[in-house]
2 protein chains.
Amino acid sequence: MNLTIGTLAAATGVHVETVRYYQRRGLLREPPRPLGGIRRYDEHDARRLNFIQKAKHMGFSLDEISSLLRLEDGSHCQEARELGERKLGLVRERIAQLRKVERALQGLLAACRANAGSVSCPLISALLDEQP
Amino acid sequence: MNLTIGTLAAATGVHVETVRYYQRRGLLREPPRPLGGIRRYDEHDARRLNFIQKAKHMGFSLDEISSLLRLEDGSHCQEARELGERKLGLVRERIAQLRKVERALQGLLAACRANAGSVSCPLISALLDEQP
DNA sequence: CTTAAAGCCGTACCTGACTACGGAAGCAAG
DNA sequence: CTTGCTTCCGTAGTCAGGTACGGCTTTAAG
């Protein structure tokens with residue numbers, strides 16, 4: 001496998017500029033460029049880029065992905081696990097928070113639907129109410 | 001009630017600069033300033049600022065809050081409801097997405113804990129795996 | 001050999017919601 | 001009346017994670 005930046009980008013569903021950006025950030029190596037010319041990537045780079053995409057999907061930030069990539073050889077499970085556990089905690093917090101919002105919104109919208117023609121909108125009133 | 005920007009900010013738990021920012025964004029009126037001087041706010045402004053804070057908590061963006069504020073008189077429940085319903089949909093999507101992440105992470109971490117000393121870390125391997 | 005597409009580079013710009021800065025002017029307490 | 005905290009203003013910077021630009025060189029196809 002011998003990829004230019006464009007084919008690598010296309011293959012992994014990422015913009016060319018993003019690949020360059022990841023290189024600047026140190027998430028991808030600067031690949032060899034034979035004879036003063038253009039970057040040549042291999043399947044290792046593609047795998048790494050794939051790793052980054054999946055980790056992003058898991059909610060890891062680019063900085064965290066940096067850390068994970070330093071554990072790429074798989075022999076530091078403990079550290080990887082700690083990172084994962086922190087992330088899982090945050091994900092759960094976020095879910096809990098969103099559920100509160102969901103319930104609040106749900107209640108207000110139900111009141112709105114029951115409202116049918118009254119003067120004041122329950123959603124607006126709730127937001128206007130002085131209570132914290 | 002006759003508030004300076006500082007007391008208003010303190011009363012609503014917002015930075016002074018943020019109040020000015022909201023004014024620039026059109027979320028708060030420019031309050032009267034008697035005699036070439038400093039802004040004087042009243043409890044209507046405090047209520048509005050409170051409204052903004054609560055709506056932010058509900059996940060509304062400042063642009064959406066602008067829209068909501070235009071319905072402040074409570075007589076356009078239909079429109080407010082539509083905004084709320086859109087938001088609720090987004091909140092639910094986000095929750096669903098985060099739950100997927102939660103489950104994935106949970107599985108990987110369980111594998112990590114069961115791993116105990118094997119060569120390759122399940123979390124890292126999963127991210128490295130070629131499968132989408 | 002020519003030409004068009006793709007790659008190169010540094011730098012600037014984008015979104016959203018602020019936050020900081022710095023120097024001038026106002027205001028309240030003593 | 002002075003001191004010192006607030007407020008005033010416009011502008012610029014912050015964060016993350018890119019995206020865009022423009023002018024230049026390389027490369028691949030015909």
Side-chain angles (χ1 to χ4, degrees), chain A residues 2-42 45-46 48-69 87 90-91 94 97, chain B residues 2-42 45-46 48-69 87 90-91 94 97:
Chain A
N2 189 2
L3 305 163
T4 65
I5 196 170
T7 45
L8 174 68
T12 50
V14 144
H15 284 275
V16 167
E17 301 294 340
T18 306
V19 174
R20 295 206 323 114
Y21 174 67
Y22 286 170
Q23 269 160 13
R24 287 200 299 278
R25 293 270 313 226
L27 293 171
L28 290 174
R29 60 163 186 159
E30 281 290 343
R33 333 192 185 183
L35 304 166
I38 71 175
R39 296 172 175 90
R40 291 298 174 169
Y41 297 88
D42 60 19
D45 300 302
R48 231 177 135 88
L49 199 38
N50 236 284
F51 182 113
I52 294 169
Q53 293 294 89
K54 283 194 211 155
K56 255 164 41 81
H57 250 94
M58 294 281 214
F60 290 100
S61 71
L62 295 188
D63 276 355
E64 289 165 334
I65 295 173
S66 271
S67 310
L68 285 173
L69 281 166
K87 185 53 59 180
L90 291 174
V91 167
R94 186 82 186 112
Q97 189 187 346
Chain B
N2 188 2
L3 306 162
T4 65
I5 195 170
T7 46
L8 173 68
T12 50
V14 145
H15 284 276
V16 168
E17 300 294 339
T18 305
V19 174
R20 293 206 323 113
Y21 173 68
Y22 286 169
Q23 269 159 13
R24 286 200 300 277
R25 293 268 315 224
L27 293 171
L28 290 173
R29 62 164 184 160
E30 280 290 341
R33 335 190 182 185
L35 304 166
I38 70 175
R39 297 171 176 91
R40 292 298 174 169
Y41 297 87
D42 60 20
D45 300 303
R48 232 176 134 88
L49 199 38
N50 237 284
F51 182 112
I52 295 170
Q53 293 294 90
K54 284 193 209 155
K56 254 164 40 83
H57 250 94
M58 293 282 213
F60 290 99
S61 71
L62 295 187
D63 276 356
E64 289 165 335
I65 294 172
S66 271
S67 309
L68 285 173
L69 282 166
K87 185 53 59 183
L90 290 174
V91 167
R94 186 82 186 111
Q97 187 188 347

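Residue numbers begin at 1 in each chain, while the letters A, B, ... track the order of the sequences.
For the pair A:Gly6 and A:Val16, the tightest heavy-atom approach, listed with the atom from each and the gap, is CA-CG2, 4.0 Å. Among all heavy-atom pairs drawn from A:Thr12 and A:Gln53, the shortest one is O-NE2, 3.9 Å.
For the atom pair A:Leu3 CG and A:Asp42 CG, the distance stands at 7.5 Å (nearest 0.5 Å). Between the CG atom of A:Leu49 and the NZ atom of A:Lys54 there is a distance of 11.5 Å, given to the nearest 0.5 Å.
Counting only residues at least two apart or on different chains, no salt bridge (Lys or Arg N to Asp or Glu O under 4.0 Å) pair has a member in residues 3-14 of chain A.
In this structure, A:Tyr22 atom OH and D:dA16 atom P are separated by 14 Å, rounded to whole Å. Atom CG in A:Leu27 sits roughly 13 Å away from atom P in D:dA16 (whole-Å rounding). Between A:Asn2 atom CG and D:dT27 atom P there is a gap of 12 Å when expressed in whole angstrom units.
If you check residues 11-21 of chain A against DNA chain D, the residues with a heavy atom closer than 4.0 Å are A:His15, A:Glu17, A:Thr18, A:Tyr21, listed by number. Taking every heavy atom of residues 56-63 of chain A and every atom of DNA chain D, pairs under 4.0 Å involve A:Lys56, A:Ser61, A:Leu62, by number.
At a threshold of 4.5 Å between non-hydrogen side-chain atoms, the residues B:Ile52 and B:Leu28 count as touching.
Across all strands, B:Arg24 comes closer than 4.0 Å to base atoms (heavy-atom distances).
Applying the side-chain contact (heavy atoms from CB on, under 4.5 Å) criterion to B:Arg25, with sequence neighbours excluded, gives B:Tyr21, B:Leu27, B:Leu62, B:Asp63. Scored by the side-chain contact (heavy atoms from CB on, under 4.5 Å) test, B:Ala46 finds B:Leu8 as partners (sequence neighbours excluded). With sequence neighbours excluded, the residues satisfying salt bridge (charged side-chain N to carboxylate O under 4.0 Å, His left out) with A:Arg33 are A:Glu30. For B:Phe60, the side-chain contact (heavy atoms from CB on, under 4.5 Å) partners two or more places apart in sequence, or in a different chain, are A:Leu105, B:Ala55, B:Met58, B:Glu64, B:Ile65, B:Leu68, B:Lys87. Scored by the side-chain hydrogen bond (donor to acceptor under 3.5 Å, both in side chains) test, B:Gln23 finds B:Arg39, B:Tyr41 as partners (sequence neighbours excluded). With sequence neighbours left out, the side-chain hydrogen bond (donor to acceptor under 3.5 Å, both in side chains) criterion links A:Arg20 to no other residue. Legend: residues meeting side-chain contact (heavy atoms from CB on, under 4.5 Å) with A:Ile38, ordered by chain and number and at least two apart, are A:Thr4, A:Arg40.
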Distances under 3.5 Å between nitrogen or oxygen atoms of protein and nucleotides 28-30 of chain D:
{"residue": "D:dA28", "atom": "OP1", "partner": "A:Arg40", "partner atom": "NH2", "Å": "3.3"}

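In the 5' to 3' direction, nucleotides of DNA chain C lying under 4.0 Å from heavy atoms of chain A begin and end at C:dG7 to C:dG10.
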